[in-house]
Structure formats: structure tokens, C-alpha cells
Amino acid sequence: MNLPEPTNFIEQFINEELENGKFESVGNKIIVRFPPEPNGYLHIGHIKAMCINFGVKERYGGELNLRMDDTNPAKEDYEYVDSIVDAVNWLGFKYDRLVYASDYYDKLYEIAEKYIKDGNAYVCDLSAEEITATRGTLTEAGAPSPYRERSVEENLKLFREMKEGKYPDGAKVLRAKIDMSSPNLNMRDPVLYRIAHVSHYRTGDKWCIYPMYDFAHPLSDAIEGITHSLCSLEFENHRPLYDWVIEKAGFKKPVPRQIEFARLNITNTLMSKRYLKKLVDEGFVRGWDDPRMPTVMGLKNRGVPPEALKKFCADVGVAKAYSVVNSAQLDSCIRDNLNENAERAMAVVDPIKLTIANYEGEEELDFEKNPVKDAGTRKIKFTGSVYIDRNDFSLDPPPKYKRLQKGGTVRLKGAYIVRCDDVKLGADGRVEELICTYFPETKSGSNAETTIKAKGVVQWVDAKYGKDAEFRQYEPLLKDEEYPDQDYAERLNPNSERVFFGKAEPYLFESELGTAFQLMRTGYYKHAECGDRLLLTEIVSLKDNFNK
RNA sequence: UGGGGCGUCGCCAAGCGGUAAGGCAACGGACUCUGACUCCGUCAUUCGGGUGUUCGAAUCACUUCGCCCCAGCCA
């Protein structure tokens with residue numbers, strides 16, 4: 001058998017099973033699933049889960065079901081289903097089928113009746129509080145429910161009445177009959193079905209009883225023929241129950257195997273759906289797709305290429321140890337990708353006029369689209385009167401300053417070397433205009449002999465042909481040092497704190513392109529919201545690089 | 001305190017009894033029409049601690065310390 005080289009312990013485990021012939025009866029086809037609950041937007045933590053699952057699918061030539069784990073009607077909606085599908089598609093992951101746990105409500109109900117008939121489940125009249133009270137503690141066994149020994153007939157009758165809507169919410173539940181003294185609390189007669197007179201976004205009012213995760217998830221896996229059910233570490237304690245549920249339902253082998261991995265944590269951001277929702281609901285960000293958000297759509301709007309995210313996940317790896325990855329690692333993957341793929345543009349944020357006294361007329365210059373790979377050039381117009389950024393000039397330059405200073409030279413990228421002869425100051429003492437001399441023989445790309453040298457290169461925007469674009473710098477939501485690695489809950493004080501994903505990058509721009517692009521010199525990916533003035537050399541369609 | 005997991009460089013992470021990969025970060029230096037990129041070099045005598053077994057241990061055993069998860073009719 002041709003087994004792929006495992007990239008993590010999960011694949012290593014799968015390889016061993018394959019070698020042992022565990023899946024021979026199903027043609028050694030590996031089937032996995034990615035099962036988000038449609039109650040929120042996907043974030044970068046989900047991307048890791050997707051990379052793991054889709055990675056297994058691809059390496060084993062298997063299949064993957066995108067499954068909406070929608071068993072709690074109170075929280076779920078199509079809005080989220082749509083956003084999840086959009087996110088998966090944007091990332092370029094190809095699933096084999098889109099399925100819903102709610103598709104199985106009928107089957108699940110039948111299996112529940114089977115449980116009852118087999119004496120593996122019973123209807124319990126205890127209230128939620130009473131169930132909690134009789135569950136016992138970490139060190140003490142729980143007490144059996146007084147309803148634990150009801151007859152099969154009575155249980156069946158009661159369960160059917162539950163289904164028919166005869167009881168109000170909370171009046172009764174269906175419980176598994178396992179072991180009230182198990183050291184694993186999940187095995188102390190867990191609830192399988194609860195009554196909820198809530199209409200479900202897909203099944204409407206057909207049901208008033210809904211299966212719990214611990215019942216629906218393993219059975220959904222088994223029904224779909226999932227071979228490996230990959231989930232995060234906190235479900236480790238559920239595995240015995242997962243196995244029990246499938247076994248009692250009577251599924252034929254091979255039966256799905258749950259494998260757990262550590263979820264992703266990143267410094268400088270929040271990964272909990274609950275707090276992300278809070279940011280949205282309380283207006284700290286524009287929405288789930290705000291570029292400061294670690295959501296898939298937020299990342300997309302930042303101009304982060306999907307491939308960079310996949311690279312990041314691959315670099316970070318899969319293990320079982322709790323970890324917090326430094327956001328610099330993500331930044332590195334993004335920079336790397338953008339450096340390779342992004343077309344370059346020049347922009348000036350805080351302009352100072354630079355006038356070349358000895359230049360006349362205008363011309364078109366060739367501007368390299370991407371110096372890393374051969375992406376060709378485009379034309380930019382030059383009239384000798386340009387803007388450069390305020391911080392590319394210094395009246396009082398520090399040692400080793402490479403940009404422009406009075407009497408010094410600098411290269412206008414893609415154009416000429418200029419020397420600053422005079423500085424005009426405004427009434428407020430701020431630099432208003434630089435009067436320069438250019439050297440024709442230093443034209444970019446020319447091979448003319450010259451002794452003129454410039455230590456630095458600056459971006460510029462032509463005063464006549466440059467274009468305005470709207471932008472606003474984003475406020476970081478939290479200061480760097482305030483970012484919690486954990487226990488961030490209490491730090492989110494609604495009135496004072498702010499959140500930003502990643503370092504507080506100062507230049508995030510968004511023009512009418514609605515996308516990001518890499519600015520020259522800053523060498524970083526940029527994005528923006530509207531608000532202030534930004535000068536661009538030209539509106540180039542960089543959109544294609546990112547937001548497909 | 002019961003059970004289940006986890007502890008390898010500042011941050012991730014390989015390693016599966018034969019003598020510590022790699023990435024990020026950092027630090028030197030070269031190069032550069034982005035102070036970017038690229039390049040070259042440095043960065044764990046040591047694997048939470050201890051004790052054993054072994055010719056030989058991060059890898060096995062015992063013990064100890066630390067961290068995470070579980071008492072939702074959430075997923």
C-alpha cells in the first residue's frame with residue numbers, strides 16, 4: 001500500500017491503522033469531516049482545523065464532508081451557514097459534500113428508540129438543577145436518577161410524547177444509561193435529547209426535541225462513514241462516550257475513530273467566538289469581516305492570501321501540547337507570500353512637495369511590478385513635480401540616515417537621483433516644499449556612466465498624475481503589551497480597550513479597490529478603511545492578487 | 001483531592017533506545033533602485049526535576065513538580 005509521508009501524529013496514526021488493515025473492508029478510503037456549528041463566523045483557529053482535515057483528505061485521496069453541526073436551534077442560522085461556505089471556498093478547500101446534522105434527525109430519533117428498547121436509555125423527569133445535583137463531583141460518584149429503572153414500554157411512551165410536544169421545555173430528557181459512578185463525568189448518564197420548543201432554521205417546527213452533541217456527533221460520523229473524526233483536545237474526555245454511542249447504535253466496523261489535537265492560539269488576538277461576537281455586537285469593529293478581526297473574512301479583507309494562511313498552519317504543525325504561537329510567525333508567512341506575489345505600488349501618506357528646478361516637460365517611466373519575480377513593468381508618469389512622504393526627509397537626520405536631507409541625494413524609485421538644494425518652511429516651521437536638482441544620467445534603468453550616488457530610495461507620487469484615495473489608519477484595539485495569551489476574558493473592558501489582530505501596523509490602506517497591497521519600503525501588507533487622504537501613483541488593479 | 005491529557009531553545013515543533021531536524025524571533029556580516037527581499041554566520045553538552053534499567057535514554061521504568069480539560073438539558 002502506498003502510504004503518504006505523515007506530516008503529523010494524526011497521519012502517522014492513520015498510516016498505522018491502514019497498515020493493520022483496519023479499513024480494508026471499505027477499500028481503504030479515508031473519510032473525514034469538518035463540522036462547524038453555524039452559530040458564528042469561521043476564524044483562523046478553524047483554518048487550522050481545516051488544514052488538518054483537508055490535508056488528510058488530500059494526502060490519502062479520501063473524502064471530506066463539510067458538515068453543519070446544527071443541533072442547537074436557538075443559536076444557528078443560514079447567515080452563518082453561508083458565511084462558512086464562503087470562507088471555505090475562499091480558502092480554496094474542496095469538500096466532497098455539504099451535509100447537515102439536522103439531516104439526520106429522523107435517523108437519530110430511530111436510534112434513540114433503539115437505545116430505549118435495548119435498555120440503554122431512559123426518560124428522566126429530573127430538572128436540570130436536579131441532574132446537576134445528582135451527578136456527583138470529581139471525587140464522588142453520582143446518584144442514580146429515580147427514573148432510571150423505568151420499563152422499556154414506559155420510556156418509549158414518554159419519549160414519543162416528548163417528541164409529540166406533550167411536555168414543556170425542561171420537563172423531561174432522554175438520558176443514556178451508563179454508569180453514575182464513572183470517574184469520567186461524561187459517562188454519568190449524559191443527556192441525549194432535550195425538549196426545546198424552538199423552531200430550527202432548517203427543520204422549522206417539525207421537532208421540539210433536539211439531540212445533544214454527544215449523541216448527534218458520533219452518530220453523524222458513523223452514518224456518513226467517517227473514518228477519522230478530528231477534533232480539539234477538550235473533547236478527549238468525550239471519546240469513551242463517543243465510542244459508547246456508536247457501539248450501542250450497532251454500527252458495523254470499521255467505526256469512526258476520534259483523534260484530538262491542540263487548538264490554535266496566537267498572541268495579539270482573540271480566538272474565542274464569544275468575544276469576537278462581543279466586539280461586533282458592541283460596535284468595536286465594523287463587523288465580522290473587519291480587517292482587524294481574526295476571522296477568515298477579516299483576514300481576507302486585510303489582503304491576506306489564503307496560501308499564506310495555509311503555509312502558516314503547516315509551519316505551526318499539529319500536536320497535543322497547549323501552545324500560543326507568536327503572531328510574528330503569521331506575519332512572516334504573509335510577508336513571504338506577498339513579497340513573492342504582490343504587485344508593488346508607491347504611495348505617500350503624509351505628503352511634502354518636492355519640486356525639481358531643472359526638470360521640464362513630462363515623461364513615462366517603466367516601473368517594475370515585482371522585483372522578486374519577472375512580472376513585467378508598467379508605465380508611470382513623471383513631471384518633475386512630485387510628493388514624497390514626510391518621513392522620507394529629515395532636517396536633522398540621525399546617523400546613517402539613508403533618505404533625503406538638505407544637501408543630500410536620494411533616488412526617486414524608478415526615476416532619477418535628486419539632490420535637495422533648498423527647503424521651504426511654512427509659517428508653523430513645518431517643511432512645506434523641497435527644491436531639488438535632478439541628474440538626467442541617473443535615470444532608472446539607464447546604463448549611463450555617472451558618479452552620482454544615492455544611499456537611499458524613496459517612494460513618490462507625481463503631483464499632476466497622482467491620485468487621491470481614501471484611507472484611515474486603524475486604531476489597535478489593544479496595546480501590544482495588553483494582549484492576553486490566555487485569560488483574556490476579563491481584559492476586554494468595553495469602554496477602554498481595543499483589539500487589533502497582529503501588530504499595530506500603521507499603514508493599513510484601502511482605496512476604492514477595497515483590497516490590500518504591499519507598500520514600497522514598508523515591505524508589509526497593507527489595508528485600509530476610509531477617512532483620510534492617501535496619494536497613489538495610480539489605481540492599479542491589485543485586487544486580483546488577493547480577493548478572488 | 002477522581003479521571004483524562006500535556007511538559008524538547010524566547011515562540012511553535014521534529015524526534016519513537018544509538019548519542020538534539022526545521023520554522024519564527026534575535027544577533028553579527030555581505031548585497032541591494034523597497035533601511036524590504038536575498039545571502040552567509042551565530043543561536044539547546046541538553047530534552048520540567050530526581051532515581052533507576054541499559055554499553056548507550058529526550059526516547060523504557062519508577063517517582064516528583066508544573067500546566068490544561070471534565071460536574072451545560074452548549075458545541
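Predicted model, so just to flag it, every value in this text is computed and none were measured. Excluded from the calculations below are hydrogen atoms, water molecules and symmetry mates; all remaining heavy atoms, backbone and side chain alike, are included. In what follows, chains are A, B, ... by sequence order, proteins preceding strands, each numbered from 1.
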Just checking K48(A): base, sugar-phosphate only, or nothing, at a heavy-atom cut-off of under 4.0 Å?
nothing

ask   = Under the 3.5 Å rule, do the base of C24(B) and the side chain of N326(A) count as making a donor-acceptor pair?
value = no

Per atom distances to the L185(A) side chain, the nearest of A75(B), G2(B), C69(B) is G2(B)

Ranking A71(B), C6(B), A75(B) by distance to the side chain of R135(A), first place goes to A71(B)

Look at the aromatic rings of F235(A) and H238(A) and report parallel, tilted or perpendicular, splitting at 30° and 60°. perpendicular

Per nearest nucleotide of RNA chain B, the residue lying toward the 5' end, A128(A) or F9(A), is F9(A)

Using a cut-off of 4.0 Å on non-hydrogen atoms, how would the nucleic acid contact of V173(A) be classed: base, sugar-phosphate, or nothing?
base

For T442(A) and I452(A) the tightest heavy-atom approach is CG2-CB, 3.8 Å

Taken to the nearest whole Å, CE/M180(A) to P/C70(B) is 19 Å

F235(A) has its side chain closest, among A75(B), G35(B), C24(B), to A75(B)

Atom CZ of R263(A) and atom P of G5(B) are separated, to the nearest Å, by 19 Å

query = Would a 4.5 Å heavy-atom cut-off, applied to side chains only, mark V458(A) and L404(A) as touching?
reply = no

Looking only at C24(B), C37(B), A75(B), the nucleotide nearest the D69(A) side chain is A75(B)

note: D243(A), atom CG; G4(B), atom P; distance rounded to Å ~ 15 Å

As its Watson-Crick or G-U partner within any shown strand, both distances under 3.5 Å, U19(B) has none

Requested in this report: Rounded to whole angstrom, note down the P distance from C62(B) over to C69(B).
Outcome: 27 Å

When rounded to whole Å, the CG to C1' distance for the pair L138(A) and C70(B) reads 7 Å

Atom NE2 of H238(A) and atom C1' of G72(B) are separated, to the nearest Å, by 10 Å

With the side chain defined as heavy atoms from C-beta on, Q12(A) is closest, among A13(B), G23(B), G15(B), to G15(B)

Across every strand shown, the nucleotide meeting Watson-Crick or G-U wobble geometry with A44(B) (both distances under 3.5 Å) is none

C1'-based separation of A20(B) from U53(B) [nearest Å]: 22 Å

- Query: How far, in whole Å, is U59(B) from G48(B) if one measures between their P atoms?
  - Reply: 8 Å

Closest to the 5' end of RNA chain B, once G317(A) and V191(A) are matched to their nearest nucleotides, is G317(A)

Exercise for the section: Return yes if the base of G3(B) and the side-chain atoms of N237(A) contain a donor-acceptor N/O pair under 3.5 Å, otherwise no. Expected result: yes

E234(A) (side chain) and C70(B) (base): donor-acceptor pair under 3.5 Å: no

Against the side chain of R335(A), the closest entry in G3(B), A75(B), C37(B) is C37(B)

TODO: Assign K172(A) to base, sugar-phosphate, or nothing according to its heavy-atom contacts below 4.0 angstrom with the strands shown.
DONE: nothing

Is any N or O donor-acceptor pair between the side chain of E236(A) and the base of G5(B) shorter than 3.5 Å? no

Sugar-phosphate, base or nothing in reach of A319(A), heavy atoms under 4.0 Å
sugar-phosphate

Pairing partner of G2(B), by Watson-Crick or G-U wobble and under 3.5 Å for both distances, is C70(B)

Atom CG of L330(A) and atom P of C24(B) are separated, to the nearest Å, by 13 Å

**Study point:** R403(A) (side chain) and G35(B) (base): donor-acceptor pair under 3.5 Å
**Key:** yes

pair_partner(G7(B)), Watson-Crick or wobble, both distances < 3.5 Å, evaluates to C65(B)

With the side chain defined as heavy atoms from C-beta on, A328(A) is closest, among C12(B), G35(B), C24(B), to C24(B)

With the side chain defined as heavy atoms from C-beta on, K320(A) is closest, among G3(B), C6(B), A14(B), to C6(B)

From CG of D315(A) across to C1' of C11(B) the rounded distance in Å is 13 Å

Describe the nucleic acid contact of P371(A) in one word from base, sugar-phosphate, nothing, applying a heavy-atom distance below 4.0 Å. base

Mate of C37(B) across any strand shown (Watson-Crick or G-U wobble, both atom pairs under 3.5 Å) is none

Whole-Å distance, K413(A) NZ to C37(B) P, equals 14 Å

Side-chain contact check for N339(A): nearest option of G72(B), A13(B), C37(B) is C37(B)

From the candidates A75(B), C73(B), G23(B), the one with an atom nearest any side-chain atom of Y213(A) is A75(B)

- How are the rings of Y109(A) and W207(A) set to each other: parallel, tilted or perpendicular (split at 30° and 60°)? tilted

